[in-house]
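Presented below is the structure to which this report refers.
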Amino acid sequence: MKFFIDTANLDQIREAHDLGVLDGVTTNPSLMAKEGIKGTENQRAHYVEICNIVQADVSAEVIATDYEGMIREGSELAALNPHIVVKIPCIAEGIKAIKYFSDKGIRTNCTLIFSVGQALLAAKAGATYVSPFVGRLDDIGEDGVVLVGQIVEMFRYYGYQTQVLAASIRNTKHILACVEVGADVATCPLSAIKGLLNHPLTTSGLKTFLEDYHKVNG
Ligand code: G3P
């Protein structure tokens, strides 16, 4: 399973990268706004900075919602760095744009996926990744992890190469649940990734080992 970090915060990206287990980064307009990055030039420079840190997939989302605009913007984003994956919303114009980019060999991440049907259309168009939003489905009383599992099964059944990128992951339990249903990738907040490390028996076991060492060795 690949781990992406879901943030545009450079400190968090560096911290996750330094852990040695980071496979990529996802951003979206809300995450960029949270970092206070304004203006196209600054935003593009920020994407390049993220690419330089992680040297791995970095999803950068288009703002345009029309086909021509998505093609123009996505092409510019893809030209910034070979690690850029063009993130495109799951709307009709977006599906057409994914097909365009797929034909050109440009990788895409189809975002805002909330149903198996949407994932199917994105895969048929040639998306590299589809991003079902786990937490946002949970927020409305549905089960986001169930959707991730259904998409995984559907892609396996039909042999689609599109990877299932579980997004809107809010906590460590979400990650573990996505592991159980076979998600290819989970994009997570740093806290959720670090949460995987925590176990009281590790903490107490290490404490005892060190105390016993020092009893004998001073
Ligand atoms: O990867 C998508 C993600 O950024 C959305 O997360 O917590 O806003 O639903 P959230």
Side-chain angles (χ1 to χ4, degrees), residues 1-13 15-17 21-37 43 46-47 50-51 53-54 56-65 70 74 77 83-91 94-95 98 107-116 118-119 122-123 127-152 155 162-179 181-196:
M1 189 198 214
K2 290 196 271 186
F3 277 125
F4 289 0
I5 187 167
D6 194 29
T7 184
N9 182 280
L10 296 180
D11 289 339
Q12 289 186 22
I13 291 169
E15 188 176 339
H17 176 68
V21 298
L22 191 67
D23 301 297
V25 178
T26 51
T27 63
N28 62 38
S30 304
L31 293 171
M32 293 291 277
K34 200 169 160 192
E35 299 310 309
I37 305 153
Q43 284 160 4
H46 198 79
Y47 289 136
I50 295 173
C51 289
I53 295 169
V54 298
D57 286 5
V58 175
S59 286
E61 188 160 342
V62 297
I63 303 302
T65 53
M70 285 184 186
L77 289 169
H83 292 298
I84 293 284
V85 177
V86 181
K87 200 172 184 188
I88 299 179
C90 191
I91 56 178
I95 297 298
I98 288 167
R107 294 173 310 135
T108 54
N109 173 359
C110 188
T111 190
L112 291 165
I113 296 269
F114 293 96
S115 75
V116 172
Q118 291 176 321
T128 313
Y129 299 103
V130 290
S131 290
F133 275 36
V134 172
R136 291 193 194 184
L137 281 169
D138 288 4
D139 287 345
I140 59 161
E142 295 189 28
D143 191 330
V145 173
V146 166
L147 174 64
V148 171
Q150 289 169 338
I151 297 171
V152 167
F155 285 180
T162 302
Q163 296 176 55
V164 182
L165 193 172
S168 183
I169 296 288
R170 304 273 175 74
N171 52 51
T172 303
K173 202 171 171 186
H174 271 157
I175 301 177
L176 295 171
C178 286
V179 168
V181 298
D184 299 290
V185 191
T187 188
C188 322
L190 181 61
S191 57
I193 298 174
K194 285 161 83 174
L196 292 168

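The first residue of the sequence shown is numbered 1, and numbering continues consecutively from there. Order of listing sets the numbers, starting from 1, for every ligand and every atom in it.
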| query | Quick one: are L22 and V54 in side-chain contact, heavy atoms under 4.5 Å? | reply | yes
| field | Ligand-residue contact atoms, ligand 1 with F133, heavy atoms, under 4.0 Å | value | 2 (C), 5 (C)
| message | Pairs of nitrogen or oxygen atoms closer than 3.5 Å, one from S168 and one from ligand 1: do any exist? | response | yes
| query | Quick one: ring-ring contact (aromatic ring centres under 6.0 Å, His included) partners of Y129, sequence neighbours excluded? | reply | F4
| field | Polar contact flag for D6 and ligand 1 (N/O pairs, less than 3.5 Å) | value | yes
| message | I need the C110 SG to K87 NZ distance, nearest 0.5 Å. | response | 10.5 Å
| Element-labelled atoms of ligand 1 that are located less than 4.0 Å from some non-hydrogen atom of R170 | 7 (O), 9 (O), 10 (P)
| With no hydrogens and no angle check, do the side chains of T187 and T26 hold a donor and an acceptor under 3.5 Å apart? | yes
| Any N or O of N28 closer than 3.5 Å to N or O of ligand 1 | yes
| For atom 5 (C) of ligand 1, which protein heavy atom lies nearest, and how many Å away is it? | R136 NH2, 3.6 Å
| Which of the ligand 1 atoms, numbered from 1, are nearer than 4.0 Å to a heavy atom of A167 | 1 (O), 2 (C)
| said: Please report the interatomic distance CD1(I50) to CD1(I13), rounded to the nearest 0.5 Å. | reply: 4.0 Å
Only pairs under 3.5 Å count here: list side-chain donor-acceptor contacts from residues 29-37, not counting sequence neighbours, and write none if there are none.
from : atom 1 : to : atom 2 : distance (Å)
E35  : OE1    : N9 : ND2    : 3.1

